Amino acid sequence: CLFGNTFPRIRERFNESQQSSGRERRARKSLCLNRNPKILNPIPIEPIVLTVLTVIMPCEMIMLQLGQCGNQIGFEFWKKLCAEHGISPEGILEEHATEGTDRKDVFFYQADDEHYIPRSVLLDLEPRVINNIMNSEYKKLYNPENVYLAKDGGGAGNNWASGYSQGQKLYEEVFDIIDREADGSDSLEGFVLTHSIAGGTGSGMGSYILERLADRYPKKLVQTYSVFPNQETSSDALSSVGVSDVVVQPYNSLLTLKRLTRSADCVVVLDNTALNRIATDRLHISNPTFSQINELVSTIMSVSTTTLRYPSYMNNDLIGLIAPLIPTPNLHFLMTGYTPLTTAADTQAAIRKTTVLDVHKSLQRIRERKLAGFIPWGPASIQVALSRKSPYVKTAHRVSGLMLANHTSISSLFQRALRDYDKLRKREAFIEQFRKEEMFADGLEEMDDSREVVQRLVDEYQAATKPDYLTWGMQQS
Amino acid sequence: MPLTWIESAELSILHRRRVRGHHHRDLALALAPPRLPSNPSSPRSPGRGMLHELLLALSGIPGQSLPPSKEKLEWAEPPMLPMATKFSQLFGRGTSPRVHEHITLSRTKVLYKQLLAWLLQGNLFDPYEEFFIVPAQPGRGHTTPGLHPPSMTQEDTSTFKSKAKRYRLKAEMVPGHISLKLAEKIFFIGESIQLFETDRKLEVQGSVLRERETEVYEKLAALRDLREFRVVEFERFVDSVRETASRHLHSLLLERADLKEELWIARNFFFLGRGELFHTFISSADGYLEQAPSATTQHDVRQTFSAACRSILQDDEKITKKIKVNVVIPNGDESKVKPIGWKCLTLQYSVPWPLHLILSEKSLEDYNRVFQFLITVKRTQLLLHKMWALQKWRKAESFSFVSQLRTHMMFVVDNLQQYFMADVLETQFSVLLKKLDQSTNFEELRQAHDIFLTAVSTQTFIDNNAVAQCLNELLSVCLQFCRAIESNSEQSFSSSKAVSSLALIFSRQSGLLFQLLTSLRNHHSGSHLTQLLLRIDFNRFFSTHGHEVASIV
């Protein structure tokens, strides 16, 4: 009798529950199966019905900022993002930010109606940069629980092995933060990690975190913005990002490259040499300072996420942005180029909107003049996404262009890393710094293994330039 | 019915004419069925019976049945019009000019009376159904595309339910001296006035011609009082009134009703301008729509759609009320394979008054056809991206046959999507907006929108059977590939026969597409084809390897 009475209500509920997410559906189903209908009581069903249909929003990202360089870049990035979304340094939506069609939810979450908090975790083993951030006007922006400073504050001493082993020790604490942040996000698409591959914390601890992320979140994407050290001799690069004056940098880079190859899904290579070139050639800054380069990096980061952060008809999620660029799992290192597009003194042209037609014309030009070489084993092209820019930020240039490219020539960076490493390794230079750490106490296999991984990466990039790449790939497996 | 409608003066003229035997004969001949210029299908044919009576009148038989009172005569006057028209056509130039003129004039007078009502109030004054504009009977006969919205289904709570009556232009009733084009103009004016007068929703829109009413009346009266019907002057008059109405409609649509905003909304939804919304919707609704729809599918999908709208558009409740998704279950044979839900998905868009003038039911059908196609492309693209991630999770280390196939598929689909969204829609839409800005009257608005829709349907190939079919098969093989990867492990799949047959179909279809597009471009030079070919053949892979792709398999 009870069942008869409640039946219509249950039916109604059931219809409603079909709108709920899979998890709740499953929960309900098991409930139905486990219960004998004769003694079915309507009361326990109530809580299940209450849920509103949850939908998967494309693309929510968590940013992990690691080490000095990573935190500096991250700091600039959030600064830029705040300006673009009309969010004040305190995280409050500015009064002028009324347009409201942007997607702040990709990188921020809302604490209340007008309070936005970056989905960001700040990690470092030494306090200097993080303290600077926490003393800046942006100190109230970040969730203080997401700022993690190693207690001893001694840093990793530019030693990959030290960073890695400290990462191991701090695993629990660090992943408490990351897990909490991930749980708080309804439709997390992946992680963005900012770091340098040359120093100790960003490279060593970064390597460790990359490995654990891949284990713990196998279905999330991991993208990194990795600053590569300057290729010129350290004497003329003192003023720029990347710590190329670090003597053990070749070891650090190689060991990190292994993790970037194995555990990341997409690495945006911020090649210091290239960055300097952009600054001098494109932005006409003759002697780019540290902060100018950082500013440039954060610009590249924010521009490469514009199609995610503004409503648009394409590239609405990270996967849509990177999957077409990465045809094959290992070759996921992307180069960047950035240029403000100025059109001489011709005001007429400057006022005109950049249209699809302009894009089409330049694509044709690139093809005719053979400005870019393409893989011979498959169709390839250049995709151009026209994106809106923030209405709140005034820039000197009306239009700017960012390029993300997967080009086999990037392997020259890795070849160089291998050469630098071989030079040091032959002499066993500074190797005792590494032997001190547990990981290398019994031998240097880890280094040999890393070298092999990077060598294979170089080989694969070279194989990809040939028509028989597929045959090569089949032989490898 | 006695000959009550012939004025006594006219009758006497006719009586006098009667002695002319050859006219009589002409008339009799004219009455013979094959030459009868009346339309037998029209509800009440004014031709035959009355002409017969006229013939009898000419023979002088029923002469005594002339109406005695003046009052009745006036009442009897209107039906003269079609009669007299036919009459004058029959008699042609052979008739004495005076008779001809007389008949024409009385005919014209009636016409002016009807026009006055139509042009100034948008009303019909036509008790005898002689005017060339008649009330439209829903679902009957051919209707000239009018200004009025289609009747909406009951569940629809749209904001536009025009109270205006619906009319149609009856081409066969248009008198010979008024061209069809002119008649259409006349039809347009009355329809617009009708629209303004009866659907007075906005304060300003009424009295389109109010300030010009006297002027119009005087002009019309002057024309009426002329001894003859002057086509040129009449046309000029109609043109001037039409211009006023058209300009008024133009400003109403563009300024008051914010046509451009509405077109943005249409683009954002029908043409997936809000990619992130449809991204969300597609991933959330795929579970319901990948099978054949059931009775509850529409409800479920609607819930999903509005939830997606709520989370993406947030404060825009106005829009979610306006747009709904429909899943139309096709009724057909039980035996036939039912199409999956995605194929039955359409958007229902309540066009606010008076924008149905532009976004008519017919054009919404076109929008929906493009929508169905675009959503298939987007869905395929999303699934292929998902497969990319899936292969990654399965730790497929090196480049394999499956990843090559996936890469090729992704390449084609991504570039198709780019082409549709950027090269076609973005470009055509900005052309449309520019034209709207430059337009000055209603016709230009409508034309700009028509051109836009035509360009979009041409360039998305939905009207080109060969290309459309090829594209559909291409997308369907990609979808099959995705489902196959999902349900198999990487190893078992890459060695299976299924993958090689999918690869074969895919390379055939992509090769065919390339050939079709190339030959299309060689025959009709269209910049859109050049753009699409540039995209998919950017590194000349298809033009050099197109035929080889199949042989790899």
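We use all heavy atoms of the structure for the numbers below, so side chains are in, but hydrogens, waters and symmetry mates are not. Treat the numbers as computed from the prediction; the structure is a model and nothing was measured. Below, read A as the first sequence line, B as the second, and so on, with proteins coming before strands; counting in each chain starts at 1.
Ranked by heavy-atom pairs under 4.5 Å with chain B, the list A/I326, A/I322, A/T471, A/I375 is led by A/I326. Interface remark: of the candidates B/I536, B/L534, B/T407, B/L534 forms the most heavy-atom pairs closer than 4.5 Å to chain A. Chain A forms the most heavy-atom pairs under 4.5 Å with one residue out of B/K378, B/Q381, B/H385, B/K386, and that residue is B/H385. Counting heavy-atom pairs under 4.5 Å between each of B/L272, B/D414, B/D537 and chain A puts B/D414 at the top.
B/S403 places none of its side-chain heavy atoms less than 4.5 Å from the side chain of A/T328. Side-chain contact between A/P327 and B/M410: absent, with no pair of heavy atoms (C-beta onward) separated by less than 4.5 Å.
The NE2 atom of B/H279 sits 8.0 Å away from atom CD1 of A/I319, with the distance rounded to the nearest 0.5 Å. Atom CD of B/E276 and atom SG of A/C59 lie 11.0 Å apart (nearest 0.5 Å). In this structure, CG in A/D317 is found 7.0 Å from CG in B/L382, a value given to the nearest 0.5 Å.
When all heavy atoms are compared, the tightest approach of B/F541 to A/W377 is CE1-C, 3.6 Å.
For NZ of B/K435, the number of neighbouring non-hydrogen atoms (other residues, nucleotides, ligands) closer than 6.0 Å is greater than 12.
With a 4.5 Å cut-off on non-hydrogen atoms, B/N268 does not touch chain A at all. For chain A, no part of B/S306 is nearby; none of its heavy atoms comes within less than 4.5 Å.
Using modelled atom types, one side-chain atom of B/Q417 and one backbone atom of A/Y313 make a donor-acceptor pair closer than 3.5 Å.
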**OP:** Using the side-chain hydrogen bond (donor to acceptor under 3.5 Å, both in side chains) rule, take B/Q404 and A/Y469 through it: C-alpha gap first, then chi angles, then the decisive distance, then the call.
**Re:** CA-CA 10 Å; B/Q404 188 192 38; A/Y469 175 47; over 6 Å; no

